[in-house]
Amino acid sequence: MNVKSRVKAGAVLGTAALGLGILAVPASADPNPATDTRILAGVGSDTTQYVLNGLANGTTVVNSSGAKILASWDAIPPSGTADNITTKTGCTFARSTVNGSSNGINKLIAEIDNPASPDCVDFARSSRGVATAGTKLTFIPFAKDAVTYASRLGSTVPTNLTRADLIKLYTCAADRPAGIKPLLPQAGSGTRSFWLQYLSDVPGTPIVPGTCVNEGLTTAPQEHDGTALTANDQIMPYSIAQWIAQGKSLPDVPNRRGLAWVRSINGVAPTTGTGTATALNATFPAAREVYNVVSTGRLTDAAIAEAFVGSGSDVCSAASIDVIKNYGFGDLAADGNAATNCGDATSFKGNS
């Protein structure tokens with residue numbers, strides 16, 4: 001536990017002042033302006049970067065004086081911004097080093113393991129769960145997502161595949177469906193980790209992708225970037241919530257869909273509704289919780305507790321849930337298929 005951070009947070013933070021204005025006020029990628037230093041800085045997952053921007057730059061996660069608590073930095077540079085970011089005074093580093101859930105978590109771990117280092121990162125966005133057992137980290141769920149495969153509009157790939165089909169495709173089995181080229185996002189991606197585990201029959205042991213995966217590519221595609229699908233025979237895993245948000249013309253969410261369209265698994269459609277009413281299908285089979293990860297030793301820090309811990313935290317407030325749903329994610333409390341509730345700080349502990 002880092003005492004200097006707890007003292008600072010406790011001195012600054014009071015009771016949260018909640019508001020509904022976030023849905024009417026455009027949010028911004030990264031803190032706006034970039035010199036806006038806030039109490040808690042976060043990096044990591046591409047999947048949840050936009051919804052965290054919406055929460056961080058809105059009016060639902062604030063202290064008693066109305067000051068914003070969270071600074072959430074995008075996994076990849078927003079248009080016109082640099083790779084280097086300064087999360088706090090004396091904390092400048094390349095965001096490419098923290099691109100993705102695992103890389104953001106690793107940055108947090110490195111700071112926990114070195115108490116003399118500054119608190120450059122206070123939380124990591126994560127779209128995967130615990131990787132290794134332990135108690136160093138607490139994964140605090142705040143929303144529901146699901147992952148499916150995407151292919152191009154007009155693709156030669158079927159619009160429905162079974163999980164068994166996908167296992168064969170991503171392990172490059174000899175009897176895999178013909179004429180389909182599977183892609184995987186970059187190393188460190190939480191969606192990559194989740195997808196490989198979803199396709200495994202052994203808990204805690206993801207499948208090993210075969211040599212046909214990303215065949216012919218010089219670099220792995222960035223997760224949730226549909227423009228990476230450049231041929232009609234390609235597929236890639238895609239966050240359904242991200243895909244929904246990218247198509248809603250939200251002011252802070254670039255449309256990276258390209259021609260990518262999310263598809264059905266085992267005959268279950270990824271979304272319900274149409275147009276602006278498009279929503280995550282709560283019964284989709286490849287469902288997951290998404291998390292904000294913090295040091296277990298700092299759970300009682302005033303700012304972390306106020307922002308993330310418990311169903312009464314700012315991120316889990318009714319106004320924040322409206323924001324979360326606006327960005328395509330599901331409400332854990334309202335979804336009977338969810339394994340946990342928003343703000344649960346006891347169920348998910350790990351060392352990575």
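Atom set for the values below is all heavy atoms of this structure, side chains included, hydrogens, waters and symmetry mates excluded.
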[X] and [Y]: same hydrophobic cluster, using ILVMFWY side-chain contacts below 4.5 Å?
{"X": "Ile109", "Y": "Phe139", "value": "yes"}
{"X": "Ile324", "Y": "Leu70", "value": "yes"}
{"X": "Leu250", "Y": "Ile240", "value": "no"}
{"X": "Val290", "Y": "Val147", "value": "no"}
{"X": "Ile85", "Y": "Ile76", "value": "no"}

Would you say [Y] and [X] are linked by a side-chain donor-acceptor pair, where the criterion is simply a distance under 3.5 Å?
{"X": "Asn63", "Y": "Arg38", "answer": "no"}
{"X": "Ser347", "Y": "Asp344", "answer": "yes"}
{"X": "Arg256", "Y": "Thr227", "answer": "no"}
{"X": "Ser352", "Y": "Thr132", "answer": "yes"}
{"X": "Tyr238", "Y": "Gln246", "answer": "yes"}
{"X": "Arg125", "Y": "Ser72", "answer": "yes"}
{"X": "Lys248", "Y": "Asn326", "answer": "yes"}
{"X": "Thr156", "Y": "Asp233", "answer": "no"}
{"X": "Ser317", "Y": "Thr60", "answer": "no"}

Above 12 or not: heavy atoms from other molecules or residues under 6.0 Å from NZ of Lys349?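 Yes.
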
Result block: side-chain N/O donor-acceptor pairs under 3.5 angstrom for residues 91-99, not counting sequence neighbours:
from, atom 1, to, atom 2, distance (Å)
Thr92, OG1, Thr86, OG1, 2.7
Arg95, NH1, Asp30, OD1, 3.2
Arg95, NH1, Asp30, OD2, 3.3
Arg95, NH1, Asp74, O, 3.0
Arg95, NH2, Asp30, OD2, 2.9
Arg95, NH2, Ala82, O, 3.3
Ser96, OG, Asp83, OD2, 3.1
Thr97, OG1, Ala94, O, 2.5
Asn99, OD1, Gln222, NE2, 3.4
Asn99, ND2, Gln222, OE1, 3.0

Give the table of side-chain donor-acceptor pairs shorter than 3.5 Å for residues 262-270, with sequence neighbours excluded, one pair per line with atom names and distance.
from, atom 1, to, atom 2, distance (Å)
Arg263, NE, Ser151, OG, 2.8
Arg263, NH2, Ser151, OG, 3.4
Arg263, NH2, Arg152, O, 3.1
Asn266, OD1, Arg163, N, 3.0

Can Asp225 and Arg257 be said to form a salt bridge (charged side-chain N to carboxylate O under 4.0 Å, His left out), step by step? CA-CA 6 Å; Asp225 187 346; Arg257 283 180 175 182; over 6 Å; no

Take Tyr149 and Asp165, measure what side chain to side chain donor-acceptor pair (under 3.5 Å) needs, and give me the verdict at the end. CA-CA 11 Å; Tyr149 74 98; Asp165 291 333; over 6 Å; no

Full working for side-chain contact (heavy atoms from CB on, under 4.5 Å) between Ser102 and Arg128: CA-CA 8 Å; Ser102 294; Arg128 67 156 173 86; 3.0 Å; yes

Would Asp331 and Lys325 count as a salt bridge (charged side-chain N to carboxylate O under 4.0 Å, His left out) if you check the C-alpha gap in whole Å, the side-chain angles of each, and the deciding distance to 0.1 Å? CA-CA 7 Å; Asp331 175 5; Lys325 292 166 67 175; 5.2 Å; no

Please check: side-chain N/O of [X] versus main-chain N/O of [Y], any donor-acceptor pairing under 3.5 Å?
{"X": "Ser127", "Y": "Ser45", "result": "no"}
{"X": "Lys88", "Y": "Ala41", "result": "no"}
{"X": "His224", "Y": "Asp46", "result": "no"}
{"X": "Asn281", "Y": "Thr272", "result": "no"}
{"X": "Thr296", "Y": "Thr135", "result": "yes"}
{"X": "Gln49", "Y": "Ala75", "result": "yes"}
{"X": "Gln234", "Y": "Ala231", "result": "yes"}

For the atom pair [atom1] ([X]) and [atom2] ([Y]), what is the distance rounded to the nearest 0.5 Å?
{"X": "Glu223", "Y": "Met236", "atom1": "CD", "atom2": "CE", "answer": "8.5 Å"}
{"X": "Asp113", "Y": "Asn106", "atom1": "CG", "atom2": "CG", "answer": "10.5 Å"}
{"X": "Leu166", "Y": "Ile207", "atom1": "CG", "atom2": "CD1", "answer": "9.0 Å"}
{"X": "Cys172", "Y": "Ile167", "atom1": "SG", "atom2": "CD1", "answer": "13.5 Å"}

Does Trp195 form a side-chain contact (heavy atoms from CB on, under 4.5 Å) with Leu184? I'd like the steps, not just the answer. CA-CA 9 Å; Trp195 187 246; Leu184 270 178; 3.9 Å; yes

Under a 4.0 Å N-O cut-off, is there an ion pair linking Asp122 with Arg298?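 A salt bridge is present here (some side-chain N lies under 4.0 Å from a carboxylate O).
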
Suppose we call two aromatic rings close when their centres sit under 6.0 Å apart. Are Tyr291 and Phe142 close by that rule?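 No, ring centres 6.0 Å or more apart.
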
Distance to the ring centre below 6.0 angstrom and angle to the axis at most 45 degrees; does that hold for Arg288 and Phe194?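 Relative to the ring axis of Phe194, which defines the angle, Arg288 lies inside both limits.
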
